Amino acid sequence: MKFTKMHGCGNDYVYIDCTENVIENEERAAIEVSDRHFGIGGDGMILIKKSDIADFEMVMYNADGSRGAMCGNGIRCVAKFVFDHKLTDKTTLAIESMGAIKYIDLKVENGKAVGAKVDMGKPILESGKIPVISDNEKAVNEPITVDGKEYKMTCVSMGNPHAVIFIEKSPKEIELEKIGPKFENNPVFPDRTNTEFVKVIDRKNLEMRVWERGSGETLACGTGACATAVAAIINGYCDNDVTVHLLGGDLQISWSGNEADSVIMTGPAVTVFEGEI
């Protein structure tokens, strides 16, 4: 099986062209290729398939073999993959993931895609649709007790659930490997959750670390950066254009503050290497 290792801000996946090929057991393949010691290594596996409703379909798996609905860093790399491998000559693409279509504008230099701007769609703030169990229509700055400590969470779905936790100290100082799983599997999240720990630097800059459901800590999370920006804007912490600083790099996020408007994410897409397994 041929593969391409790619990353967006260090959020790395194993990409496989399935426009002509079929993988028999996708879940098991995702687990095996994601293993950083006995496989290729990555936060998961992304398959690129033909689509009846868009230019291409992205089928994304987490490192534990569970299916992911959306991956902001991954979808930029899918767009780069299909352009660089000449599966298309379009620089504006529609890519489907679990029935939802995102629109991507590629940035091209010297015949290769180097980054992309993605319309990530409208944020979902209604508790039942995220989903999060809450007495309120929206879980904004809502208390949650994890491991005996109370935190304030703002919950957002960007096609997948996020709990954004604003903290005073740098996220680099928290024991994420200890607290992350307890948020992910908290009973208030019926489908588990991604959790972002965020420090507001100023009106235009946020520092973030993320624990992704099914993958653990990753160096970046595109949907998480979008959810973080949305949560910061609705809490009044930052302006409508913000840079989210992640361990693997920076993502630029724009949102009007109006729930009817899409969140726009801009960031890099990088090919690391290609090979055969």
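All values below come from the heavy atoms of this structure, side chains included, with hydrogens, waters and symmetry mates left out. Given the structure is predicted, the values throughout are model-derived calculations rather than measurements.
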When rounded to the nearest 0.5 angstrom, what is the spacing between [atom1] in [X] and [atom2] in [Y]?
X	Y	atom1	atom2	value
S127	K138	OG	NZ	9.5 Å
I165	I144	CD1	CD1	6.5 Å
C226	W255	SG	CH2	11.5 Å
M265	Q252	CE	CD	10.5 Å
C9	D250	SG	CG	7.0 Å
D17	H85	CG	NE2	7.5 Å

So does [X] have more than 12 non-hydrogen atoms from other groups sitting under 6.0 Å from [atom1]?
X	atom1	result
Y103	OH	no
F273	CZ	yes
E150	CD	yes
D135	CG	no

Applying the 4.5 Å side-chain criterion to the ILVMFWY set and letting contacts propagate, would [X] and [Y] be lumped into a single cluster?
X	Y	result
M120	L246	yes
I234	V263	yes
I101	I104	no
V140	Y237	yes
V156	V132	no

Please tell me if the side chains of [X] and [Y] come closer than 4.5 Å, counting only heavy atoms from C-beta onward.
X	Y	answer
I179	K149	no
T266	K117	yes
K112	L106	no

What pair of heavy atoms forms the shortest contact from [X] to [Y], and how long is it?
X	Y	value
W211	P181	CZ2-CG, 3.4 Å
N11	C221	OD1-CA, 4.1 Å
T195	F183	OG1-CB, 3.3 Å
M158	T223	CG-O, 3.7 Å

Tell me yes or no: between the side chains of [X] and [Y], is some donor less than 3.5 Å from an acceptor?
X	Y	value
D119	S262	yes
T154	N141	no
E196	T228	no

SB check [X] [Y] (cutoff 4.0 Å):
X	Y	result
K199	E173	no
D241	R203	no
E184	R192	yes

What do the steps show when you test Y13 against M60 for side chain to side chain contact (heavy atoms under 4.5 Å, CB included), and what is the final call? CA-CA 9 Å; Y13 290 87; M60 175 245 179; 3.4 Å; yes
key: Residue that, paired with K49, satisfies salt bridge (Lys or Arg N to Asp or Glu O under 4.0 Å) out of E57, E96, E26, E20   =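 Of the listed residues E57, E96, E26, E20, the salt bridge (Lys or Arg N to Asp or Glu O under 4.0 Å) partner of K49 is E26.
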query: Under 3.5 Å, side chain of R209 to main-chain N/O of L247, donor-acceptor pair present?
result: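 Side chain of R209 to backbone of L247: no pair is present.
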Tell me if a side-chain donor or acceptor on D64 pairs with a main-chain N or O of S66 at a distance below 3.5 Å.
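Side chain of D64 to backbone of S66: a pair is present.
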Practice item. Determine, using ring centers only, whether F81 and F56 are less than 6.0 Å apart. Key: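 Distance test on ring centres: not under 6.0 Å, no.
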Practice item. Sort out for me which residue in I23, V59, I46, I48 forms a side-chain contact (heavy atoms from CB on, under 4.5 Å) with C18. Key: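 Of all the options given, the one that passes is I23.
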